[in-house]
Undergrad: 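Take a look at this one; I'll ask things after.
These numbers come from a predicted model, not from an experiment.
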Amino acid sequence: MKTVATRFAPSPTGPLHIGGVRTALFNWLYSKNKGGKFYLRIEDTDKERSKEEFKDQIINSLKWIGINYEDGEYIQSKKIDDHIYVANELLKKGLAYKCYCSSDEIEEQKKRAKQKKIPYIYNRKWRDKSETDYPKEINPVIRFKSKIEGKSILKDLVQGKIEIENNTIEDFVILRADGSPTYNLSASVDDHLMGMTHIIRGDDHKINTFKQIQIYEAMNWEVPCFAHIPLIHTIDGKKLSKRDNASTLDDFSSIGIMPNALRNYLLRLGWSYKDKEIFDLNESIKYFNLEGIGKSPSKLDISRIYSMNEYYIKNINEDDLFKFLKTYCETSKEKIPDSAQKKIKNSLHFLKNKAKTLEDIYKNSQFLIDDKFQIKKEDKKLLDKTAINIIKLFIDDINKISDFNRKTLEPIIDNLIKSNNTNFKGVGQPLRICLTGSRFGPGIYDILCSLGKEEVYKRLSQIG
RNA sequence: GGUCCCUUCGUCUAUCGGUUAGGACACAUGGUUUUCAUCCAUGAAAGAGGGGUUCGAUUCCCCUAGGGACCGCCA
């Protein structure tokens, strides 16, 4: 058995969206599961639309979510000579031919087909012409001689058998009038040269596969296995596209979604293994297979992304969580000051219980960093005379204790509740407001203990 | 319009001819609680429709309907 080799081959003509990332993930997981290799190929042969920034964005996205690839990026535009060479080989073998139709002529035919409501297919006008007929003044395109008769069968690893009449596949262009190769040529040549064994891609490529297989066969190359995965749809059931609002990984990371959570979500979108929902990295490699991929498109559901993220926040170890938080703050908020790092890390055990996202942790941890908060008007109203009095009594009480922890604080607060004839809220609410600037947030004891005696004293003394 | 593909709770899905059709998210209700949450319990919620095959179909086949993808000298 050959070593499994897969690739992800995006074109840098727009930002990579979450659907593309899932395709990359499936390829990566498949190769890892088989002990194989995974490559990244940048398909940048469209010079006009390819942008360096998109290439960088693709690379960074894969890096962020933890998909690594062999040997750096394979840049397709650097291999154009190989593609042209193959085109000429096909020409020599008589398996491709020069077509002298002008673009206008082709456009005209398409238009007419549309008017008559009949399917357009190139009429193979130059397929069997001899060289003596060639006009001198036009640069020809090279077309592949597609099979005209019979059927082709694709044994797709996800979709099963797909049958198609050969005459529905036209003589497609492999070399443009300017001599540059087109997608179907470049992709097959590269996949062959890179030794790809399995091509896993969106099912929008199904028809291309029938074209590409013909190129393989014409060149006597071994045909790889194909697996066409259903596309991800938007909530209104349309294919995720580079234009209109298709979410990128940046969109998710900037609201505090963690890469491992998104990876898990993406894995389970259109793939399943029994009833299992949570897959850590090793498990996802261990269990991933092509059989588990469903045949129907699936819709992106943001609430599941949140809940997956929440699960990871609550269940990964706090060292890792803190690393994610640190990175998140640096890239999307502001760097956590050195002086606050330890405090926040030590507070994660309660901060994480209130968080769905890293942003939630960030927000709820602000009181640890910043004591110059503004108390909201409606909160200030709650700080009436009795409340202020309770706070003063509390200050006196904590000055009497040397150890400052839950055990020593509980009796103090209990006493205050009794002596002021109030309930926990009557004491807790004013304290929380004065210490954090908000009615909402962590538990009172968590706030007190994480700030420490001195800071609590300092903040409370300013009130009144 | 042509070709190809798809169809189980709102969403992601389990089931590989026999199940009270299961789980997760979301939702609703109740409980715990120290605000906001968490957590726990409970509930509502699905086989597109019609034919076959079969002792028995969500599962296999056909038709219909609905949805999607592709139909570039883009990738």
Side-chain angles (χ1 to χ4, degrees), chain A residues 9-14 43-46 48-50 76 99 101-103 106-107 110 113-114 116-122 139-143 154 156 159-160 162-165 167-170 172-184 186-187 202-208 210 228 230-231 233 235 237-239 242 265 268-278 291-292 294-308 310-311 314 350 352-356 360 364 413 423-425 427-429 431-433 436 438-447:
Chain A
S11 65
T13 53
E43 304 212 323
D44 60 342
T45 52
D46 184 339
E48 312 248 303
R49 293 195 300 154
S50 292
Q76 189 165 57
C99 162
C101 293
S102 67
S103 324
I106 300 281
E107 283 309 310
K110 280 187 195 167
K114 207 167 187 180
K116 286 189 194 163
K117 291 200 169 178
I118 52 169
Y120 167 77
I121 184 160
Y122 170 68
N139 281 334
V141 301
I142 310 293
R143 283 181 188 271
L154 168 64
D156 192 280
Q159 313 267 345
I162 304 170
E163 252 185 54
I164 197 169
E165 296 283 342
N167 62 18
T168 60
I169 294 180
E170 68 170 357
F172 54 97
V173 173
I174 53 176
L175 235 47
R176 299 185 186 95
D178 67 2
S180 64
T182 62
Y183 166 73
N184 280 304
S186 297
D203 72 9
D204 49 344
H205 280 290
K206 255 186 295 191
I207 299 297
N208 288 327
F210 287 96
H228 289 93
L231 301 172
H233 281 179
I235 210 72
K238 294 277 185 281
K239 149 182 173 180
K242 285 180 183 173
Y265 170 78
R268 280 287 288 100
L269 187 63
W271 178 85
S272 64
Y273 180 81
K274 300 182 181 167
D275 273 344
K276 195 169 163 58
E277 298 285 348
I278 305 298
E291 294 78 53
K295 287 186 171 189
S296 52
S298 27
K299 292 176 186 166
L300 209 59
D301 181 1
I302 185 73
S303 76
R304 298 204 65 194
I305 298 180
Y306 277 114
S307 95
M308 188 63 80
E310 183 177 14
Y311 178 88
K314 296 203 164 88
F350 66 84
K352 69 182 181 186
N353 282 329
K354 294 174 183 296
K356 276 187 157 55
D360 293 340
N364 274 326
I413 289 184
N423 54 17
F424 193 96
K425 210 174 165 183
V427 178
Q429 201 74 291
L431 277 177
R432 181 180 287 108
I433 292 170
T436 72
S438 170
R439 260 183 305 159
F440 312 116
I444 292 302
Y445 292 111
D446 289 330
I447 294 172

Undergrad: Under 3.5 Å, is there a donor-acceptor pair between the Ser180(A) and Asp178(A) side chains?
TA: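 Their side chains do contain a donor-acceptor pair, which is all the 3.5 Å distance test asks for.
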Undergrad: Does Asp360(A) reach the side chain of Lys354(A), with side-chain heavy atoms less than 4.5 Å apart?
TA: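 SC-SC contact between Asp360(A) and Lys354(A) ruled out.
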Undergrad: Using Watson-Crick or G-U wobble geometry with both distances under 3.5 Å, which nucleotide pairs with A41(B)?
TA: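 In the structure as shown, A41(B) has U29(B) as its Watson-Crick or wobble partner.
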Undergrad: Is it true that, when you exclude Lys276(A) itself, more than 12 heavy atoms of the residues, nucleotides or ligands shown sit nearer than 6.0 Å to its NZ?
TA: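 Yes, enclosed.
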Undergrad: Detail all sub-3.5 Å separations between protein N/O atoms and N/O atoms belonging to nucleotides 18-22 of chain B.
TA:
unit_1: G22(B); atom_1: N2; unit_2: Asp275(A); atom_2: OD1; d: 2.8

Undergrad: Quick one: is Lys110(A) getting a side-chain N or O under 4.0 Å of the C73(B) phosphate, OP1 or OP2?
TA: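 For C73(B), OP1 or OP2 has a side-chain N or O of Lys110(A) closer than 4.0 Å.
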Undergrad: Just call it for Lys425(A): base, sugar-phosphate, or nothing, with non-hydrogen atoms closer than 4.0 Å on any strand.
TA: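 No contact at all - Lys425(A) keeps every heavy atom at 4.0 Å or more from the nucleic acid.
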Undergrad: Quantified in whole Å, what is the C1' atom distance between nucleotide C70(B) and nucleotide G47(B)?
TA: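 Going atom to atom, C1' in each nucleotide, I get 29 Å.
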Undergrad: Should Phe210(A) and Asn184(A) count as side-chain neighbours, where that means a heavy-atom distance under 4.5 Å?
TA: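 When only atoms from C-beta onward are counted, Asn184(A) and Phe210(A) do not touch, as no gap falls below 4.5 Å.
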Undergrad: Just checking His228(A): base, sugar-phosphate only, or nothing, at a heavy-atom cut-off of under 4.0 Å?
TA: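 The answer is nothing, as His228(A) stays clear of every strand by at least 4.0 Å.
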Undergrad: Is it the case that the base of C36(B) and the side chain of Lys354(A) share a donor-acceptor contact (distance under 3.5 Å, atom types as modelled)?
TA: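 Between C36(B) and Lys354(A), which were checked side chain against base, a qualifying N/O pair under 3.5 Å is present.
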Undergrad: Roughly how many Å is it from CG in Asn167(A) to P in C4(B), rounded to a whole number?
TA: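 Taking CG of Asn167(A) and P of C4(B), I get 10 Å after rounding.
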Undergrad: Return whichever of Leu231(A) or Arg268(A) has its heavy-atom-nearest nucleotide of RNA chain B closer to the 5' end.
TA: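 Of the two residues, Arg268(A) wins.
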Undergrad: When the distance from CG of Asp446(A) to C1' of C36(B) is rounded to whole Å, what number comes out?
TA: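 Atom CG in Asp446(A) sits about 13 Å away from atom C1' in C36(B).
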Undergrad: Testing the basics here: between Met308(A) and Glu277(A), what is the closest heavy-atom pair and its distance to 0.1 Å?
TA: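 Scanning both residues, the minimum pair turns out to be CE-O, 4.0 Å.
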Undergrad: With the side chain of Thr182(A) defined as its heavy atoms from C-beta on, choose the nearest nucleotide among U38(B), C36(B), C73(B).
TA: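 In terms of side-chain proximity for Thr182(A), the closest of U38(B), C36(B), C73(B) is C73(B).
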Undergrad: Can you identify which nucleotide, out of U38(B), C5(B), A14(B), has its nearest atom closest to the Ser272(A) side chain?
TA: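 Comparing U38(B), C5(B), A14(B) against the side chain of Ser272(A), the answer is A14(B).
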Undergrad: For Arg439(A) versus Arg432(A), what's the shortest heavy-atom pair and its separation?
TA: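 Heavy atoms of Arg439(A) and Arg432(A) come nearest at O-CD, 3.1 Å.
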Undergrad: For Val173(A), which contact category applies under a 4.0 Å heavy-atom criterion: base, sugar-phosphate, or nothing?
TA: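 Touches sugar-phosphate only.
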Undergrad: With rounding to the closest Å, how many angstrom separate the C1' atoms on C55(B) and G50(B)?
TA: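 To the nearest whole Å, 23 Å.
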Undergrad: Would you measure the distance from the C1' atom in U8(B) across to the matching atom in A57(B) and give it in whole Å?
TA: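 To the nearest whole Å, 14 Å.
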Undergrad: 5'-most contact on RNA chain B: Ile235(A) or Asn353(A), nearest heavy atom basis?
TA: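 Its nearest nucleotide being more 5', the pick is Ile235(A).
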Undergrad: Using a cut-off of less than 4.0 Å, is there contact between a side-chain N or O of Thr45(A) and OP1 or OP2 of A75(B)?
TA: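 So the side-chain polar atoms of Thr45(A) do come within 4.0 Å of the phosphate oxygens OP1 or OP2 of A75(B), strictly under.
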Undergrad: Using a 4.0 Å heavy-atom cut-off, does Asn208(A) contact any base of the nucleic acid, only the sugar-phosphate backbone, or nothing at all?
TA: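 Base, at least one base atom sits under 4.0 Å.
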Undergrad: Taking the side chain of Asp203(A) as heavy atoms from C-beta outward, which of C6(B), A69(B), U11(B) is closest to it?
TA: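 Taking heavy atoms from C-beta onward, the closest nucleotide is A69(B).
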Undergrad: With a 4.0 Å limit, can you tell me whether Lys239(A) has a side-chain N or O closer than that to the phosphate oxygens OP1/OP2 of C70(B)?
TA: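 Answer yes for this pair, as a side-chain N or O of Lys239(A) is under 4.0 Å from OP1 or OP2.
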Undergrad: Expressed in whole Å, how much space separates the C1' atoms belonging to G30(B) and U13(B)?
TA: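 It comes out at 28 Å once rounded to the nearest Å.
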Undergrad: Let me know the distance between CD of Glu310(A) and C1' of C36(B), rounded to the nearest Å.
TA: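 For the pair Glu310(A) CD and C36(B) C1', the rounded distance is 13 Å.
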Undergrad: Pick base, sugar-phosphate or nothing for Ser303(A), based on heavy-atom distances below 4.0 Å to the nucleic acid.
TA: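 Sugar-phosphate only.
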Undergrad: Please work out if Glu48(A) contacts a base, only the sugar-phosphate, or nothing of the nucleic acid, heavy-atom cut-off 4.0 Å.
TA: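 If one applies the 4.0 Å heavy-atom cut-off, Glu48(A) turns out to touch nothing in the nucleic acid.
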Undergrad: Would you mind reading off the distance between Met308(A) atom CE and A26(B) atom C1', rounded to a whole angstrom?
TA: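 Answer to the nearest Å: 14 Å.
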Undergrad: Please determine, for the side chain of Ser296(A), which listed nucleotide (A69(B), C6(B), U35(B)) has the closest atom?
TA: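 Among the listed nucleotides, the one closest to the side chain of Ser296(A) is C6(B).
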Undergrad: Answer yes or no on whether Lys356(A) is positioned over the face of Tyr306(A), meaning its NZ or CZ is under 6.0 Å from the six-membered ring centre and within 45° of the axis.
TA: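 Lys356(A) over Tyr306(A) ring: no.
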Undergrad: Just N and O in the side chain of Lys295(A): are any of them under 4.0 Å from OP1 or OP2 of C6(B)?
TA: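 Yes, such a contact exists.
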Undergrad: At their closest point, which heavy atom of Pro442(A) faces which heavy atom of Ile447(A), and how far apart are they?
TA: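 Minimum heavy-atom contact is O-CD1, 3.4 Å.
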Undergrad: With a non-hydrogen cut-off below 4.0 angstrom, is Pro10(A) in contact with a base, only sugar-phosphate, or nothing?
TA: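 Nothing, no heavy atom under 4.0 Å.
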Undergrad: Classify Gly428(A) by what it touches in the nucleic acid, base, sugar-phosphate, or nothing, heavy-atom distance under 4.0 Å.
TA: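 If one applies the 4.0 Å heavy-atom cut-off, Gly428(A) turns out to touch nothing in the nucleic acid.
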Undergrad: With heavy atoms under 4.0 Å as the rule, sort Gly294(A) into base, sugar-phosphate or nothing.
TA: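 Nothing, no nucleic acid heavy atom in range.
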Undergrad: If G1(B) has a Watson-Crick or G-U wobble mate with both distances under 3.5 Å, name it; if not, just say none.
TA: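 Checking every strand shown, G1(B) finds its partner in C71(B), with both distances under 3.5 Å.
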Undergrad: Between C71(B) atom P and Ile121(A) atom CD1, what is the distance in whole Å?
TA: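 One finds 13 Å between P of C71(B) and CD1 of Ile121(A), rounded.
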Undergrad: Of all the choices, U34(B), C5(B), A75(B), which nucleotide is nearest to the side chain of Ile444(A) once you look at every atom?
TA: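 It is U34(B).
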Undergrad: Output the rounded distance in Å from CZ (Phe424(A)) to C1' (U34(B)).
TA: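 Distance, rounded to whole Å: 5 Å.
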Undergrad: Establish, with yes or no, whether the OP1 or OP2 oxygen of G2(B) is under 4.0 angstrom from a side-chain nitrogen or oxygen of Thr168(A).
TA: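 Thr168(A) to G2(B) OP1/OP2: no side-chain N or O under 4.0 Å.
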Undergrad: For nucleotides 59-64 of chain B, tabulate all protein N/O to nucleotide N/O atom pairs closer than 3.5 Å, reporting atom names and distance.
TA:
none

Undergrad: Among the nucleotides U38(B), U13(B), U11(B), which one has an atom lying closest to any side-chain atom of Arg304(A)?
TA: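 Comparing U38(B), U13(B), U11(B) against the side chain of Arg304(A), the answer is U11(B).
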Undergrad: Rounded to the Å, how far apart are Tyr183(A) OH and C73(B) P?
TA: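 These atoms are roughly 15 Å apart.
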Undergrad: What does A65(B) pair with, Watson-Crick or G-U, if both distances are under 3.5 Å?
TA: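 Base partner found: U7(B).
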Undergrad: Looking only at the side chain of Ile162(A) (C-beta and beyond, no hydrogens), which of the listed nucleotides C5(B), A75(B), C73(B) gets closest?
TA: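 That would be C5(B).
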Undergrad: From the list A75(B), C70(B), U35(B), which nucleotide is the closest neighbour of the side chain of His205(A)?
TA: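 Given the options A75(B), C70(B), U35(B), the side chain of His205(A) is closest to A75(B).
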Undergrad: How close or far is atom P of C71(B) from atom CG of Asn184(A), stated in whole angstroms?
TA: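 My rounded result for the distance is 10 Å.
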Undergrad: Please report the closest heavy-atom contact between Ala187(A) and Gln76(A), naming both atoms and the distance.
TA: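 What the structure gives for the nearest pair is N-NE2, 3.9 Å.
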Undergrad: Considering only atom P, compute the distance from U58(B) to U53(B) and round it to an integer number of Å.
TA: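 Per the computed distance, 16 Å lies between those P atoms.
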Undergrad: Counting side-chain heavy atoms from C-beta on, which of G68(B), A75(B), U13(B) comes nearest to His233(A)?
TA: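 The nucleotide sitting nearest to the side chain is G68(B).
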Undergrad: Going by heavy atoms in the side chains, are Phe350(A) and Asn364(A) under 4.5 Å from each other?
TA: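 In short, these two side chains do not touch, never coming nearer than 4.5 Å.
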Undergrad: Within the structure provided, determine whether Phe172(A) and Thr182(A) are in side-chain contact (heavy-atom separation under 4.5 Å).
TA: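 The answer is no; the side chains never approach within 4.5 Å.
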Undergrad: Does Glu277(A) reach a base, just sugar-phosphate, or nothing at all? Heavy atoms under 4.0 Å.
TA: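 Answer is base: heavy atoms of Glu277(A) come under 4.0 Å of a base.
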Undergrad: How is Phe172(A) classified with respect to the nucleic acid when contacts are heavy atoms under 4.0 Å: base, sugar-phosphate, or nothing?
TA: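 The answer is nothing, as Phe172(A) stays clear of every strand by at least 4.0 Å.
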